[in-house]
Amino acid sequence: MNKFKKNIIGLFLILGISLSAVLLIIMRDKEFSFNDISERLNKDNYIMQINYPIFNGQNKINREIKKYIDNEKSNFLKIIKETSIKDNQLNIGYSYTEKDNIYSFHIRTYSITGNNNAYYRSDKIYYFDAKNNDIIQINELVIDDQIYEVFKKLALDYLNNNNVLYDKKCLNMDKDNYKLVMFSNNYIQLILDSKIIDDSNRELIININYNDVISYLNKKYFYSFEKEKDEFVKNEIPQIRDKKLFNGKKLVALTFDDGPSYDKTKRLIDELDKRNARVSFFMLGEHAIKQPELVKEIYVRGHTIGSHTYDHKQLTKLKTEEIMYEVNYTNEILKDITGEDVKYLRPPYGSYNKEILESINMSFILWSVDVEDWKIKDEKKISNYIIENVKDGDIVLVHDIHNETIEGVIKAIDELQKKDFAFVSIDELVSYKKIILEKNAVYRFLK
Ligand code: NI
């Protein structure tokens, strides 16, 4: 080969490489991703806590979301101008679900304002097609409006079957009332405005099987159904780690209540992975149902998932049917995500009585170390309290809904691992200590 030819080939090679590099950069740029924006304002007469997503390379949709948030803020500020009450609150948060290439983002606004604690809420859902990195409207995801009639029928069946008192207005609601839907891996989640249902401020989410509405969905966007779920359950069942790894170590079960709480819990499990630590989460059904992907992530990383009831009501103050609803509904929500029965219950406030214990066929897991992190709210004090108080076999109670707790726990893990402590899940601790857990029984430590 002569020199000229060599040069030409070299030139093409360089051109080719740089062209693919540029293409790669462009393609990377087009990848779907988003960041979390968090704002907190603490003023004399109000508190504003706002979280929302911004999407990379999506100026149009980001502007639209920003406009929506600004509008909610200015409505709130307008209302509180006319009141003399100091205790006003605006809360905007979001959660998302994922099904195939479609992401559903739900932005929720809650506010409490004025003399009579006027409650306001509003919901907005954005859909994202991650494959084309573009926003998409619900009428492209759904091919037949008949789906809303099916949603309505299933919602009314659910309300009747679960003895939920609902206003007869429900029956007359038009299809727009059934348009707040999230597409999650296993279910379509239909969000109903509880104002219409029972005048409470709670939102009601009804899980709808894809099988019931499959023919109304656009197969271009939704293509995997039950099959994928079975594969997930088979492939990703987490294993208990080999006991030998912990020979001679003092074993501690950290347990996190009241979550999951999207960004905080996500940061926590990432930090736990770096430290080869596993823990347990006692989740609220009302939070788990909104963040199924996060719950699944927690599960596949090998942490233990237990129930902390649906919405944190004190069980001893409820009627039997209400107790069963709190427990059974939450177990259903969690099992739908992980495919596994929920074995452990932590009753809110640790509060139970003999009848409750006898009627719920689960092991009640309480705690031996109460950090009171929600009260301390100080990273250093939280970590010191844990470091000074834990012993082998302890169950430690903290909450993954406060940033100070997450930071304090991470610090404590770092310190204690140097002192021969290891952090294991409840499932692991039970197995390593060779304890046979009974149902309808209470455990405060596992030694
Ligand atoms: Ni709690």
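Counting convention: from 1, in listed order, for ligands and their atoms alike.
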Next on the checklist: Less than 6.0 angstrom from the centroid, inside 45 degrees of the normal: does Lys124 satisfy that with respect to the ring of Tyr126?
Outcome noted: yes
Parallel, tilted or perpendicular: which one describes the rings of [X] and [Y], with boundaries at 30° and 60°?
| X | Y | result |
| --- | --- | --- |
| Phe76 | Tyr46 | perpendicular |
| Tyr349 | His312 | perpendicular |
| Phe183 | Phe222 | tilted |

Checklist outcome for this item: Near the Ni ion (ligand 1) (protein N/O/S, cut-off 2.8 Å, waters excluded) we have Asp258 OD1, His308 NE2, His312 NE2
Checklist entry - Would a 4.5 Å heavy-atom cut-off, applied to side chains only, mark Arg301 and Asp270 as touching? => result yes
Item to check | Under-4.0 Å salt bridge between Lys153 and Asp157 | outcome: yes
